[in-house]
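Keep in mind that this is a model prediction, so the values were computed, not measured.
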Amino acid sequence: TAFSLCDVPPVLHPLRISTEDELREILQRCPLTTIGNHTFNHVNLGVATPGEQKEEVASAHRWLHSFSEHRYLPYVAYPFGIAPSVPDAS
């Protein structure tokens with residue numbers, strides 16, 4: 001049995017992407033939740049061009065900020081664990 005301090009339903013599959021509605025529910029149920037950026041399309045930033053890197057991070061930032069503005073912090077968890085030199089997304 002999974003334990004959650006905020007009684008948030010567990011993700012059905014570890015590789016499934018959360019929907020906006022699911023993220024909204026998590027933020028509503030657990031106000032201390034921090035949401036971070038993982039790029040918009042989960043591309044391998046290690047092989048993307050600098051322009052693609054910037055757009056991936058910036059697109060995810062805009063989307064996350066659109067519904068979690070006061071809880072979203074500019075953290076990036078790099079897909080595939082690869083941390084290239086990513087241009088500033090601001």
Side-chain angles (χ1 to χ4, degrees):
T1 306
F3 173 74
S4 173
L5 293 174
C6 299
D7 194 31
V8 175
V11 175
L12 300 175
H13 188 280
L15 299 178
R16 188 177 67 76
I17 298 170
S18 298
T19 67
E20 184 174 327
D21 287 341
E22 290 169 331
L23 292 173
R24 284 181 192 272
E25 180 181 356
I26 290 168
L27 290 170
Q28 181 182 9
R29 288 181 174 207
C30 192
L32 298 178
T33 299
T34 297
I35 294 182
N37 193 329
H38 194 57
T39 71
F40 200 74
N41 295 300
H42 200 268
V43 300
N44 184 337
L45 295 175
V47 297
T49 68
E52 292 168 333
Q53 293 171 2
K54 183 174 182 177
E55 185 54 33
E56 281 295 319
V57 173
S59 293
H61 174 83
R62 286 189 298 270
W63 180 70
L64 291 168
H65 186 73
S66 73
F67 63 87
S68 62
E69 49 202 60
H70 66 286
R71 294 185 186 121
Y72 170 68
L73 297 175
Y75 299 132
V76 175
Y78 298 101
F80 309 99
I82 299 169
S85 175
V86 180
D88 183 2
S90 52

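- Across Pro79 and Leu45, no two heavy atoms sit closer than the pair CD-CD1, 4.2 Å.
- Paired with Thr39 under the rule side chain to side chain contact (heavy atoms under 4.5 Å, CB included), one option of Gln53, Glu55, Glu56 passes, and it is Glu56.
- In this structure a side-chain-to-backbone donor-acceptor pair under 3.5 Å is present from Asn37 to Val57.
- Taken from OG in Ser59 to NZ in Lys54, the straight-line distance is 11.5 Å, to the nearest 0.5 Å.
- With sequence neighbours left out, the salt bridge (Lys or Arg N to Asp or Glu O under 4.0 Å) criterion links Glu52 to no other residue.
- Although no hydrogens or angles enter the test, the distance criterion places a donor-acceptor pair under 3.5 Å between the side chain of Asn44 and the main chain of Gly46.
- With sequence neighbours excluded, the residues satisfying ring pair (Phe, Tyr, Trp, His ring centres under 6.0 Å) with His42 are His38, Phe80.
- Going from atom CG of Leu27 over to atom CD of Glu25 covers 10.5 Å, rounded to the nearest 0.5 Å.
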Assess whether side-chain contact (heavy atoms from CB on, under 4.5 Å) is satisfied between Phe40 and Arg62, documenting all intermediate values. CA-CA 10 Å; Phe40 200 74; Arg62 286 189 298 270; over 6 Å; no
